[in-house]
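Heads up: the structure comes next, in C-alpha cells.
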Amino acid sequence: MNERYLGLPVHVGQSKMKTFAYLKDRIWKRMQGWNEKFLSWAGKEILIKAVAQAIPTFAMGCFDLSKSLCDQIGAMICRFWWNHREGKHKIHWLSKEQMLKPKEEGGLGFRDIHLFNLAMLAKQVWRLWQQPDSLCSRVLKAKYFPHTSVLEAKPKTGMSYTWRSILGGLDVVKKGMIWRVGDGAGLNIWSDPWIPREFSRRPRTPRGHILLSEVAELIDPYTGQWDVQLVRDTFWEEYAELILALPVHQGRDNNLAWHYDKHGVFSVKSAYKVARADFLRNKSTFGQQGGSNCNPGGPWKNIWKLRCPNKIKHFLWRFAHNSHPLRCNLARRGMKICPRCPVCNHLWEDGGHLFFKCRVAKLLWRLLGMEAERVELASIQMALGAVEFILKAREHKKLLMVIALWIIWTERNIIREEGRRRSAQDLARCVELYAHENLEQSKTPVVRQNCRRSHWTKPPVDILKLNCDASFHSDSGSGSWGALIRDSDGDSVLSGRGRMDHVFSPFHAELIARLQGIQMAVNLGIGRLQVESDAQEVVKAINSDVYDMSVVGHLVDEIKSLVFSNFISFECVHVGRDCNRAAHELAALDHLCNEGEEVITNSIPDAVFNRC
C-alpha cells in the first residue's frame, strides 16, 4: 500500500513507477472526461498546459519521477492531443519532439516532463544555497555535505531518494550558474564559472605553466582594479576584453547568480530552457536528430500574433507543417483510400490543389479580389513558404487569406461528412464578414497618456539636480559619460565628463555615468539631491533590488551605498531625452578627453551651452 501525506508518497520503494503511478492515473482520469467533449485544438492546448502538465508539478518539486514515467505521461498527452480513444488509434501527424519545441521554433510549447522535473529540483538546490540557515538546509548539510557547500555535494551510500533527486537538479544549476566577481578571493580562475559567455563561463585559454589560480591574483592590490597587462598576458584577447569589462570591488564577496537572466535571478522557466538546450546539444553531439527541422527565424512567431481566434491560428500552424489529413497525406501514410478531392472529385487532393487549384477555391479567391495572390501561392511548392508569403501581406489582406484557407478547409469537411455545399458567393461573404469582425474586435482603444515634460525644469529650493548620460561604442568596448549639477536658479554648480574603457553594454556605461555624477555630488557635500535620467532601466536598478544579482550588481550596490551614507534626501526619476539634453551633449564630448581622463569644471562648456 502506497501511503501519501500532503499529496506526496511517505515511502519510495525500489519501483519508482509504482510509487508515482497515482500521478499517471490522475492525468488519465482527467483526460477521459475531456474526451467526451468536443474540444477545438486551442481548447486542448489550454487543458494540456493548464491542467494535465500541472498535475505532477507538486511532486516534481521534491522527487525525480524517473524518465520512464515522465515519457509515459508525455506519450499519454500526445495520444489525447491526436484524438486517441480506447480501441481507436489515430495518426500522429507530428513527432513528440516537434510538439515540445517552443512556438517560435514551430512547436506548441508543451513541456518535456522529465526536463521540467529536473528544473523543479534545481530550484530546491538554489534555495538550499540562498537560504543556508533554514531548518531544511541545516539538516541536509549535517547529513550529506557537512564540510562543503551544496554545490560540491556528492552522492553517498544510504542517501534518501529525496536527496538523490535533488542531486539531479544540481547538474542543471551548474550549467546555468555564474559567479559575480567581488574581490575575487577564493574564486578559481580555471574551474569556476565567472566569465559571462553564453555557453562556457570558464576561460578556454590553455593554462600551460601559468601559476595563477585565483581571480584575486589578477587584481592590482594598489588600484583595486584589474591588472590590465597581466590579464592581457594571461588570456586570449577575446577573453581578456570580457574580463577587463567586468566591474570588480575590493572588500566585497563574490556572489552566485543565474547567468541566463539579465537580473541574475534563478527561475524554473529559465532552468528548463537550460536543461532543454543541454539535452539538444548532447543529442546532436551523438548524432541523434528528432522531429522536423524548423527555423526559429521563420514565420512561426507571427502565426501566433495573428488577429484571429486561436482555432484559426492552430489551423494555420498545421497548414504550415502540412499535417492536415488530406487524402494524399493519408495515402502516403499507408491508408487505403481514394485520393480524389471530395470537393471537385477530379484531381488528387493535396494542399496545393484543395486550397488554390480546386474549382471552388479558384472562384472564392477571385470573388475576394485576390486572384494574383492565389496564382503566386499555387506556384509555391512548400506549405511553409506559402505561409511566409501570406504573413508578409498587409493586415487586412493577410487576415482575408488566412480565413479563406480556413473556410475552404471547413467547407471541404462539411462536404465530406454531410454532403452539403454552399455557393462560392456565400463562402466569400462569410470570409469578408469574419475578417471584418475580427479586425473590429482586435482594435485596442486609444488610451490618452499623461504628457511628459519636454524641457528641463528647475529643482525646488535647497535641492540640487543632477543630470547624467553616457555614450557607448560597441565596436571598441568603450564609452564616455557626462554629468551636470544645477541649482534652483538653473545655474551650473558643477559639470564633469570623461572617457570609459572596457565597457560591455550601454547599461553598464549608464551606471558608471550615474556613479560618477553621484560621486561629484558627494565631493561637493550636497545633502539633498534629485537625479534625472533618460535610461529607465538605470532608474529601476537604483530604486529597486531587481539588478542586485546582475553582472553589474556590485556597481549598483556601490551607488546605493553612496546614496545611503551621504544624502539626507535623494530621488532618482526617469525623464525624456529632451530633459536630459545637456548631459547628453556633455557625454558626446568624449573626443576632447584622453583615455581614462576626467574633466571637472564649474561651468558648462560652450559646445554644450550653444546646443541646449
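One-based numbering along the sequence shown.
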Are side-chain heavy atoms of [X] and [Y] found at a separation under 4.5 Å?
| X | Y | result |
| --- | --- | --- |
| S267 | D261 | no |
| R197 | P203 | no |
| F279 | L118 | no |
| Q225 | D220 | no |
| I178 | Y260 | no |
| F507 | V538 | yes |
| L306 | L399 | no |
| R528 | I463 | yes |

Rounded distance [0.5 Å steps], [atom1] in [X] versus [atom2] in [Y]:
| X | Y | atom1 | atom2 | answer |
| --- | --- | --- | --- | --- |
| K458 | D489 | NZ | CG | 6.0 Å |
| Y547 | L555 | OH | CG | 13.5 Å |
| S533 | R514 | OG | CZ | 3.5 Å |
| M520 | L529 | CE | CG | 10.0 Å |
| L391 | K398 | CG | NZ | 6.0 Å |
| L100 | F116 | CG | CZ | 13.0 Å |

Take atom [atom1] of [X] as the centre, draw a 6.0 Å sphere, and report whether it contains more than 12 heavy atoms from other residues, nucleotides or ligands.
| X | atom1 | result |
| --- | --- | --- |
| E440 | CD | yes |
| K143 | NZ | no |
| K273 | NZ | no |
| K269 | NZ | no |

At their closest point, which heavy atom of [X] faces which heavy atom of [Y], and how far apart are they?
| X | Y | answer |
| --- | --- | --- |
| R204 | Y239 | CG-OH, 2.7 Å |
| V231 | W226 | CG2-CE3, 4.3 Å |
| P247 | F504 | CD-CE2, 4.1 Å |
| R207 | S213 | NH2-CB, 4.0 Å |
| A470 | M500 | CB-CE, 4.3 Å |
| A245 | H508 | O-CE1, 3.1 Å |

Expected output: side-chain [X] to main-chain [Y] donor-acceptor under 3.5 Å:
| X | Y | answer |
| --- | --- | --- |
| N188 | E214 | no |
| S471 | A588 | no |
| K540 | D545 | no |
| S480 | A587 | yes |
| D469 | G482 | no |
| K465 | S488 | no |
| R202 | W190 | no |
| Q124 | G61 | yes |
| W194 | I189 | yes |

| message | For I243, run the side-chain contact (heavy atoms from CB on, under 4.5 Å) check against I195, V215, V181 and tell me which one passes. | response | I195
Check ion pair [X]-[Y] (N to O, under 4.0 angstrom):
| X | Y | value |
| --- | --- | --- |
| E45 | K313 | no |
| D112 | R276 | no |
| E388 | K392 | no |
| D578 | R581 | yes |
| E241 | R232 | yes |

| message | Under 3.5 Å, is there a donor on one side chain and an acceptor on the other for S149 and E152? | response | yes
| Between S137 and S134, is any side-chain donor less than 3.5 angstrom from a side-chain acceptor? | yes
| said: Is the positively charged end of K101 above the ring of W300, judged by distance under 6.0 angstrom from the centroid and angle within 45° of the axis? | reply: no
| request: Could you walk me through whether L246 and L242 pass the side-chain contact (heavy atoms from CB on, under 4.5 Å) test, one step at a time? | output: CA-CA 7 Å; L246 292 175; L242 282 171; over 6 Å; no
| query | Which residues satisfy the side chain to side chain contact (heavy atoms under 4.5 Å, CB included) test with K175, sequence neighbours excluded? | reply | D171, V274, D278
| query | Which class fits the ring pair W304 and W317: parallel under 30°, tilted 30 to 60°, perpendicular over 60°? | reply | tilted
| message | In terms of relative ring orientation, are F145 and W163 parallel, tilted or perpendicular, with 30° and 60° separating the classes? | response | parallel
| So D183 and N254, side-chain contact (heavy atoms from CB on, under 4.5 Å) or not? Walk me through it. | CA-CA 7 Å; D183 57 9; N254 309 307; 3.9 Å; yes
| field | Chi angles and distances behind the side-chain contact (heavy atoms from CB on, under 4.5 Å) call for D534, C579 | value | CA-CA 8 Å; D534 56 10; C579 302; over 6 Å; no
| request: Evaluate the side-chain contact (heavy atoms from CB on, under 4.5 Å) criterion for residues V531 and F570: first the C-alpha distance (whole Å), next the side-chain angles of each, then the deciding distance (0.1 Å), finally the verdict. | output: CA-CA 8 Å; V531 179; F570 180 86; 3.5 Å; yes
